[in-house]
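Keep in mind that the numbers below use all heavy atoms, side chains included, and drop hydrogens, waters and symmetry copies. Naming: A, B, ... by sequence-line order, numbering from 1 per chain.
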Protein chains: 2
Amino acid sequence: MSNAPTDLTERERDVLRVIIQDYIASAEPVGSRSVARRHGVRLSPATIRNVMADLGELGYLSQPHTSAGRVPTDLGYRFYVDYLMDRRPLTRAEESMIERRFRPVQGEVEDLMREATKLLSGLSRSVGLVLAPRVDQLAVKRIEFVHLSTERVLVILITTSGQVNHKIVILDDAIPQEELNKIARVLNNLVEGMSLSRVRQLLVKKMAEEKAMYDELLRRALELGQKSFAGETEGDVYIGGTANIMHQPEFADVEKMRSIFGAFEEKSKLLKILDQCLDQDGLTIVIGSENVVQEVQRLSLVTAPYWCAEHLLGTLGVIGPTRMEYSKIIPLVDFTAKLVSQHLTEVAS
Amino acid sequence: MSNAPTDLTERERDVLRVIIQDYIASAEPVGSRSVARRHGVRLSPATIRNVMADLGELGYLSQPHTSAGRVPTDLGYRFYVDYLMDRRPLTRAEESMIERRFRPVQGEVEDLMREATKLLSGLSRSVGLVLAPRVDQLAVKRIEFVHLSTERVLVILITTSGQVNHKIVILDDAIPQEELNKIARVLNNLVEGMSLSRVRQLLVKKMAEEKAMYDELLRRALELGQKSFAGETEGDVYIGGTANIMHQPEFADVEKMRSIFGAFEEKSKLLKILDQCLDQDGLTIVIGSENVVQEVQRLSLVTAPYWCAEHLLGTLGVIGPTRMEYSKIIPLVDFTAKLVSQHLTEVAS
DNA sequence: ATTAGCACTCGTAATATGAGAGTGCTAACC
DNA sequence: GGTTAGCACTCTCATATTACGAGTGCTAAT
């Protein structure tokens, strides 16, 4: 189905816009009367009705039942955000208001992420999401090994942004702390400042190069390094303000809500949702059924990527009822992403 | 108000037990007929009614409205869990079932905690809670410093249990990485194996001792050490299975649920709840209005402390509707705490 | 092309009705 | 005296009925 601004006449676009804005504000089906009242060009309800019938035929509007007003379909929302909505950026005053709310954060990256979800959820009255930095893209500052027990070694990875990742590696045979320190020194010299994905490539290459491997220490270092840097770098997801969406009238039904909350609890589901957005560049809007995850197909999503210097790190945004205030939330998400990027870039320098 | 088992006659205790068990199972007010039917000693509904009237007068039962059955009050539940409930421990079969579900975890302590909340919530059909290890009690394995920027230093603290804590410390004047390493060595020699709270005491003492402080390095080490180990060691809270309580008929009202979920999102509220339990030793049951936190006074709590060797680390348990299956959940929580303690103790050795 | 008029549809809110569950009380019973 | 049958009474809940109003779609007039 084609979906271009020119598919609709000026009048149809006007009517669609008014209906969606009205519905977003009221959560109730919009009738021809109220459109006629709000519509700039004075037209009678009857005329509006004709237009509405057309828009319904085209799939932009639907009726909950025969004699009720119209409700936007997902397609209608899509058209709205693509062509109808006015996307004015935030005013300076609004920006500084948000900045002030964000200020208290400094230090830990985790706190920054958590604070971002709070900010997003608080100002949008929806649910805030942050897909934590993909570790792959981060530059390694340092790696440390701590001997825990015979075969278990704690690997600590510090990035230039001050993030700390750790995991436990199981060894084939014991390595004393003494040697672990040496190995750490070797590896640190090798990888400092490189991104994690580069490090992985390098280690593979090095190992192949030194087949003969006269240097026993180097061999063990490369081996342990590979184990340490391997493994899925599954992104972490921060979520905040879930209680907010309970306000929405569309979730008065407890059963619907339960399935949504179930999905929110499953990190993997959230990851799937946010991954969908990471591929796009720039601000992304996913509306209702466009979403890949079943349980949240009554919800919509506004996300924007954030960066550290030139590296794309992750994405953050808001998930809430499809009937959300896009024209308020989009600038909010956009600005928050900028703010987070700025903080992360400052910290890394 | 006195509250001892002897306050009630044998018959009253029987009736109260039957009513509570019935109500827990059905979530509906219990009438005299159904008590009479279920009651061992064959008594007529009329007799039961007299007993019920007495129990109502004593504050153990209440009526939703004049001509409805009886519902237990918080006091009634309290009496039930204290004196009426049969507390049979788990069978071997049940224990091994739980163990099997728990098995996959090894390695990171965070994963263990998260897994515990899943286990608890899954088997109780309520919400699982774990108050993360109080760092104070943990033994220090190692401390590391990483220079981030001129005045910011990343402090990494590793405990013998393999937990990694980190925070950022702001310096008065810059210390190069070189010297940070030396300081780390000094501190590590000083504090390895001690509990964090002991370390704090030691540092204060040492600093007072060496007023003259000829050793410049030691001085700086103590100073940085103090900064690093200072600060509230606010416990972290893990929570899982929040979606579960939506099943419960008592939360059909969305507004009630919203306030509960709001409380769940606030870590500080949860901390307050769990702190209440940490003071007790052994398994703790907090019923409805006994709870200190307003928002969850319609919920009850079953918690048990967990340990690493002989150190009390934290507490874990289940929060759910007051009408929960205590006789199933209590053994579950008890056993889970044992299981977690066992894992943590193994890891630390 | 637009609009007024009108019959029609459908959901919602208000009201009435009856059934059922349970109580409390009284009087009879063992 | 404790126990029980009987009975009138209360209150909720489910169901049916009704009335209302918002909104539509169509037709015919402008």
Using 30° and 60° as the class boundaries, would you call the ring planes of Tyr77(B) and Tyr23(B) parallel, tilted or perpendicular? tilted

Which nucleotide in the list dG24(C), dG25(D), dC10(C) gets nearest to the side chain of Gln63(B)? dG24(C)

For Arg70(B) and dC11(D), what is the distance between atoms CZ and C1' respectively, to the nearest whole Å? 14 Å

Has the side chain of Ser67(B) got a donor or acceptor that lies under 3.5 Å from a partner of the other kind on the base of dT10(D)? yes

In this structure, how many angstroms lie between the P atom of dG20(C) and the CD atom of Glu28(B), rounded? 16 Å

With a 4.0 Å cutoff (strictly under), does any side-chain N or O of Thr47(A) reach OP1 or OP2 of dT3(C)? yes

When you measure from the side-chain N and O atoms of Arg42(A) to the phosphate of dT3(C), is any distance below 4.0 Å, counting only OP1 and OP2? no

Would you check, one step at a time, whether the test salt bridge (Lys or Arg N to Asp or Glu O under 4.0 Å) holds for Arg11(B) with Asp14(B)? CA-CA 5 Å; Arg11(B) 174 177 296 168; Asp14(B) 282 350; over 6 Å; no

For His65(B) and dT10(D), what is the distance between atoms NE2 and P respectively, to the nearest whole Å? 14 Å

Taking CD in Glu94(B) as the centre, count heavy atoms belonging to other residues, nucleotides or ligands within less than 6.0 Å. Is the count above 12? yes

Distance check needed: dA21(C) P versus Arg37(B) CZ, whole Å only. 10 Å

Counting side-chain heavy atoms from CB outward, which of dT24(D), dA4(C), dT4(D) is closest to Ala46(A)? dA4(C)

Nearest-angstrom distance from the residue atom CG of Leu61(B) to P of dT23(C): 11 Å

Closest-nucleotide mapping onto DNA chain D: is Pro45(B) or Ala68(A) further toward the 5' terminus? I mean the 5' end. Pro45(B)

Counting heavy atoms not belonging to Glu12(B), are there more than 12 under 6.0 Å from its CD? yes

Nucleotide dG2(D), atom C1' - distance to CG of Asp54(B) in whole Å: 13 Å

Would one find more than 12 heavy atoms of other residues, nucleotides or ligands at under 6.0 Å from atom CZ of Arg17(A)? yes

dC11(D) phosphate, OP1 or OP2: any side-chain N/O from Thr66(B) under 4.0 angstrom? yes

Respond yes when some side-chain nitrogen or oxygen of Arg49(A) is under 4.0 Å from OP1 or OP2 of dA4(C), and no when none is. no

Is the phosphate of dT23(C), meaning OP1 or OP2, less than 4.0 Å from a side-chain N or O of Arg33(B)? no

For dA1(C), does either OP1 or OP2 sit under 4.0 Å from a side-chain N or O belonging to Arg11(A)? no

Among the candidates dT3(C), dT24(D), dA5(D), find the nucleotide nearest to the side-chain atoms of Asn50(A). dT3(C)

